[in-house]
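Counting convention: from 1, in listed order, for ligands and their atoms alike. In this chain, residues are counted from 1 in sequence order.
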Amino acid sequence: MSQDSSRDAFYRHVAQTSDAPMGLEIVSADGVFLRTRDGREIVDFISGIAVSLLGHGHPEVVRAVQEQAARHMHVMVYGEFIQRPQSALAARLASLLPDSLDRIYFVNSGTEANEAALKLAKKHTGRHRFVAFRDGYHGDTQGSLSVTGRDVYRVPYEPLLPDVAFSGFNDPAVMELITDEVAAVIMEPIQGEGGIIASDPQWLAAVRKRCTETGTLLIFDEIQSGFGRTGRLFAFEYYGVVPDILTMAKAMGGGMPLGGLASSSDIFRAFMFDPPLNHVTTFGGHPVSCAAADAALNVLIRDGLMERAPEIERMAREILRGTGIVEVRGRGAMLGLQLTDAETTRKAVAHCMDEHGILLGWTLHSNTLVRLAPPLIIDHALLEQSLMTIRDAVARAARDS
Ligand code: PMP
């Protein structure tokens, strides 16, 4: 298919998610760069929305994909056959996680990981209530959407799961909602789409304590914050608070689709019995995705890439000051740049893209926050130069607005 007909087919036959897709025509991507049909080289400052931590097309990940595809692709639904890439990845993850999270159930995406976590919590506890947070985001399938704390996206699809209570994030009043009738509390330790908002350490410890007291499971959704983006493999490590179920996806597959939930053998028994096979998936833990994930995790740890995250944060905080900028928040390479107003934000993002080839983005729940999530492999000089360009673009947008 020619490039012209590809563009045409995208607008005519590919179902759209808005009336204004970015519509960049990608011909290739490697490292920090996206290359477009019209010959532009674009700095990907959002990593395909928190996915491409090692940059695009890392050679070791590509090799793992090619070798596994040649060996075998799909052979059986999840859970029946022993497939080396899956076992290797599960063992590697278990060795990196606390002992109470030593089993992984593999799925294909973030929302599926949360769906499975919610079902697991219901079956394990025999309860059906959930507590979730305003501005939390957990995905767009019906269960995950039920615990997503933004009315504008949730209400059009109601009725959804009944018995979900929403609390303010970092609000101590949540403790009263966590009772012995609640199956689980689901939350992001650092809210992503809600505007890159970190939880307060003392509050998070109190939530953990309250969950333990009431027999409520604590689910951490680290789909966006996981795999080193914040400078630790998972953000919960900063807090010293361990969840009962940890959900992951996005960067996990090194650019391939993969998700998972980690928990204990005891909790996962709920999926094994009464009846057996009560939660299954055809493609979950696809061998090619698992091979890619294992290679990506190997590179991340071997090359000490997580150590780049605090450096990215430090430089962003140092450089991103001045006209139009309210604050930089977040942790490591999961940062939000809060600007004064929506018009400045729109213009700044457009200036960066149109004039400087730097791709930035919003978060789903805010139109005054610019998402900064560069790949961890971005080199010092390009990072510095890009941050200075962003600062100047914001200043110009603020003056023009
Ligand atoms: N949870 C969080 C915290 C997310 O950021 C996202 C995606 N933005 C999801 C869940 C949903 O993941 P997916 O798009 O893979 O279903």
Side-chain angles (χ1 to χ4, degrees), residues 15 17-18 22 44 46-53 105-121 130 132-150 152-154 157 160-161 164 166 169 184-199 204 218-230 233-236 243 245-262 281 283-286 289 292-293 296 330-336 360-366 369-373:
T17 54
S18 79
M22 279 189 225
D44 183 359
I46 51 178
S47 298
I49 311 298
V51 170
S52 321
L53 267 177
Y105 187 114
F106 290 114
V107 292
N108 306 285
S109 66
T111 199
E112 284 171 83
N114 288 330
E115 290 288 336
L118 296 173
K119 280 181 71 183
L120 186 62
F130 292 102
F133 294 91
R134 284 197 277 284
D135 282 330
Y137 180 79
H138 301 292
D140 279 348
T141 52
Q142 306 225 20
S144 305
L145 185 60
S146 303
V147 290
T148 284
R150 181 82 167 162
V152 69
Y153 295 119
R154 202 185 61 252
Y157 294 99
L160 292 164
L161 280 182
V164 178
F166 287 96
F169 197 59
V185 172
I186 181 164
M187 61 180 298
E188 301 153 86
I190 302 178
Q191 285 191 334
E193 301 305 325
I196 320 289
I197 301 175
S199 51
L204 199 64
L218 180 58
I219 304 171
F220 278 174
D221 172 343
E222 293 232 31
I223 286 160
Q224 191 160 149
S225 55
F227 289 91
R229 178 148 290 285
T230 67
L233 191 59
F234 289 97
F236 76 77
I245 304 177
L246 174 70
T247 61
M248 57 192 88
K250 285 199 180 274
M252 182 181 190
M256 292 292 286
L258 186 65
L261 55 153
T281 157
F283 285 126
H286 193 283
S289 295
R331 193 136 208 185
M334 181 178 177
L335 298 172
L360 301 171
W362 284 265
T363 60
L364 263 180
H365 301 179
S366 169
L369 188 93
V370 177
R371 184 199 296 275
L372 304 173

>> Testing the 3.5 Å rule here: is there a donor-acceptor pair between the side chains of Thr230 and Ser225?
In response: no
>> Which label fits Phe236 and Phe234: parallel for a plane angle under 30°, tilted from 30 to 60°, or perpendicular past 60°?
In response: parallel
> Taking atom CD1 of Ile223 and atom CG of Asn114, what is their separation to the nearest 0.5 Å?
Replying inline: 4.0 Å
>> What's the separation between atom CG in Leu218 and atom CE in Met187, rounded to the nearest 0.5 Å?
In response: 7.0 Å
>> Test of understanding: with ring pair (Phe, Tyr, Trp, His ring centres under 6.0 Å), list the residues that count as partners of Phe169, not counting sequence neighbours.
In response: Phe133, Trp203
> For ligand 1, what are the residues with a heavy-atom contact below 4.0 Å?
Replying inline: Ser109, Gly110, Thr111, Asn114, Tyr137, His138, Gly139, Glu188, Glu193, Asp221, Ile223, Gln224, Lys250
>> As a quick check of understanding, evaluate salt bridge (Lys or Arg N to Asp or Glu O under 4.0 Å) for Arg229 and Glu222, giving each step before the final call.
In response: CA-CA 10 Å; Arg229 178 148 290 285; Glu222 293 232 31; over 6 Å; no
